[in-house]
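Read through the structure below, which is laid out as structure tokens, and then see the notes.
Everything quoted here is computed from the prediction, not taken from an experiment. A, B, ... follow the sequence lines: proteins, then strands. Residue 1 opens every chain.
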Protein chains: 2
Amino acid sequence: MNTPIIVAIVEDKDDIRQSLAILVNGADGFVCKQTYVNAEDALDDLTRYPVDVVLMDIDLPGMNGIECVRLLKPRHPDMQFMMCTIYDEEEKVFEALKAGANSFILKRSSPARLLDAIRELHDGGSPMSSSIARKVVGSFFNVPAPAEAERNTELDVLTPREREILGRLSKGYSHKEVADELFVSPTTVRKHIFNIYEKLQVHTKVAAVNKYLGRV
Amino acid sequence: MNTPIIVAIVEDKDDIRQSLAILVNGADGFVCKQTYVNAEDALDDLTRYPVDVVLMDIDLPGMNGIECVRLLKPRHPDMQFMMCTIYDEEEKVFEALKAGANSFILKRSSPARLLDAIRELHDGGSPMSSSIARKVVGSFFNVPAPAEAERNTELDVLTPREREILGRLSKGYSHKEVADELFVSPTTVRKHIFNIYEKLQVHTKVAAVNKYLGRV
DNA sequence: AGCTCAATACCTCATTTGTATGATTTTTTC
DNA sequence: GAAAAAATCATACAAATGAGGTATTGAGCT
């Protein structure tokens, strides 16, 4: 390794901060000489002496980690911020990303994964714990978030064919359009739809589609 | 051991497809019995026989992988799609995620990383190669709420009354039910709905509701 | 004072849809 | 191989819907 990646750590809990520092310093290609127990100290010091990567705890006494990033990022756009948190709270994730954080990982990640992540971050990537990535992807693109295992079990009572038809109804297709696309008679489609209504306990397309898209 | 994760592979190149299948089947807790050389076959078969996780190549002959996801995802919201690609092209990433893809990894990922990713995906995460995550994060605050802004402008052409009525349609109400609730005649409601259709350029309730709920 | 637009309301017509009943053929499952 | 489930199609009727046009009222703007 030629020049090592210079890392700073902002974390109020002594044991975690020291473990992280030991981990980073013990690994080849990484150096951590700057650690801070609060955001105010970090802000002051990192403004003057920037580093490559900052591991930033979110929940800090006084100013929180997100606010600290918001202030530091504009001053040193090249400095990469990796938010470290215990919980993948949705709001915090977005707030942090908007503030300019580049990466977001859960503290329960393995040491090896953490070091990988630091390197990826330094190389221009945005490593994220996958559960956090799900939130980002889901909300940003308005994708129906299935996530939970206990989602619409109601739809399980539908047959594959019924789901197929319902999928097309959800796009605003008429009976006839569905029939044409599936190469069956409109009567058949209507029969299927009728069966779907019975199973889902609804009486209109919109209501059925709402259930289908989990909008109930 | 618990139930294995059922995986399907859509990939036109024989060697890659077979390697992937061997990798998946060779690992503990994974099973892959369904592989497809094109999107059309996958679409047809997976509609009827859904699996847990689909590894989807983007560049396929005929229909591409993104289009395939767009069609399959609404039918089986629980099915998880992992896009596999060689390049991290920005547009494709967004397009795929908007289409409903849950995960996005580069083909050069290691076998171990791939298997990890499949498991994380199945557990509700959205594993992404960090270079791809960077693009997602980047656009996150570059373009402040693009989807919402776009959706809103479309709905802005509607009058408050029209939005009120559309909101009730989105709950599956009939003309008459809306009329009763708003204390106006059904004819009026129909006129409003007609105007809404004209403004939103649609011809059915479901299509209008889709626009209203930003599911276009 | 004149203009525009939203909201209200009615009429007509053709089409779509929801409901019901019944039947045949595949496919799945036991 | 029999039973159950799914998919197919037909006919029929009443209600809901989509597409046109027309008209009155009141609010807001110039």
Legend entry - Pairing residues for B:D59 by the salt bridge (Lys or Arg N to Asp or Glu O under 4.0 Å) criterion, not counting sequence neighbours: B:K92
Inset, instruction - Take atom OH of B:Y173 and atom P of C:dT17, then tell me their distance rounded to the nearest Å. - result: 22 Å
Inset, instruction - In whole angstrom, give the distance that lies between atom CD of B:E162 and atom C1' of C:dT8. - result: 13 Å
Inset, instruction - Remember a base hit wins even if backbone is also touched, and classify B:Y49 as base, sugar-phosphate or nothing at under 4.0 Å, heavy atoms. - result: sugar-phosphate
Legend entry - Of the listed nucleotides C:dT17, C:dC10, C:dT19, the one nearest the side chain of B:T187: C:dC10
Inset, instruction - May I have the distance from B:N195 (atom CG) to C:dA7 (atom C1'), rounded to whole angstrom? - result: 10 Å
Inset, instruction - Taking only the side-chain nitrogens and oxygens of B:T188, find out if one of them lies under 4.0 Å from OP1 or OP2 of C:dA7. - result: no
Inset, instruction - Report the distance from atom CD1 of B:I193 to atom C1' of C:dT16, rounded to the nearest whole Å. - result: 15 Å
Inset, instruction - Would you kindly compare B:K191 and B:V202 by the position of their nearest DNA chain D nucleotide and give the one closer to the 5′ end? - result: B:V202
Legend entry - Nearest non-hydrogen partners of A:G100 and A:V69, listed with the distance: C-CG1, 3.9 Å
Inset, instruction - Tell me, please, the opening and closing nucleotides of DNA chain D, 5' to 3', among those with an atom under 4.0 angstrom from a non-hydrogen atom of chain B. - result: D:dT17 to D:dT22
Inset, instruction - Using only heavy-atom distances, determine whether the side chains of A:S129 and A:S131 contain a donor-acceptor pair under 3.5 Å. - result: no
Inset, instruction - In whole angstrom, give the distance that lies between atom NE2 of A:H203 and atom P of C:dT16. - result: 23 Å
Legend entry - Atom pair CG (B:L20) and CD1 (B:I118), whose distance is rounded to the nearest 0.5 Å: 8.0 Å
Inset, instruction - By nearest nucleotide on DNA chain C, pick out whichever of A:F194 and B:I165 is the more 5' one. - result: B:I165
Legend entry - Ionic contact status for B:R119 with B:D116, cut-off 4.0 Å: no
Inset, instruction - Determine, for B:E11 against B:K107, whether the closest basic-nitrogen to carboxylate-oxygen distance falls under 4.0 angstrom. - result: yes
Inset, instruction - Round to the nearest Å and state the distance from A:Y197 atom OH to C:dT17 atom P. - result: 8 Å
Legend entry - Under the side chain to side chain donor-acceptor pair (under 3.5 Å) test, residues paired with B:R168 that sit two or more places apart: B:E181
Inset, instruction - Starting from the 5' end of DNA chain C, give me the residue, A:H175 or B:R161, whose nearest nucleotide shows up first. - result: B:R161
Inset, instruction - Could you tell me whether A:H192 contacts a base, only the sugar-phosphate backbone, or nothing, with contacts defined as non-hydrogen atoms closer than 4.0 Å? - result: base
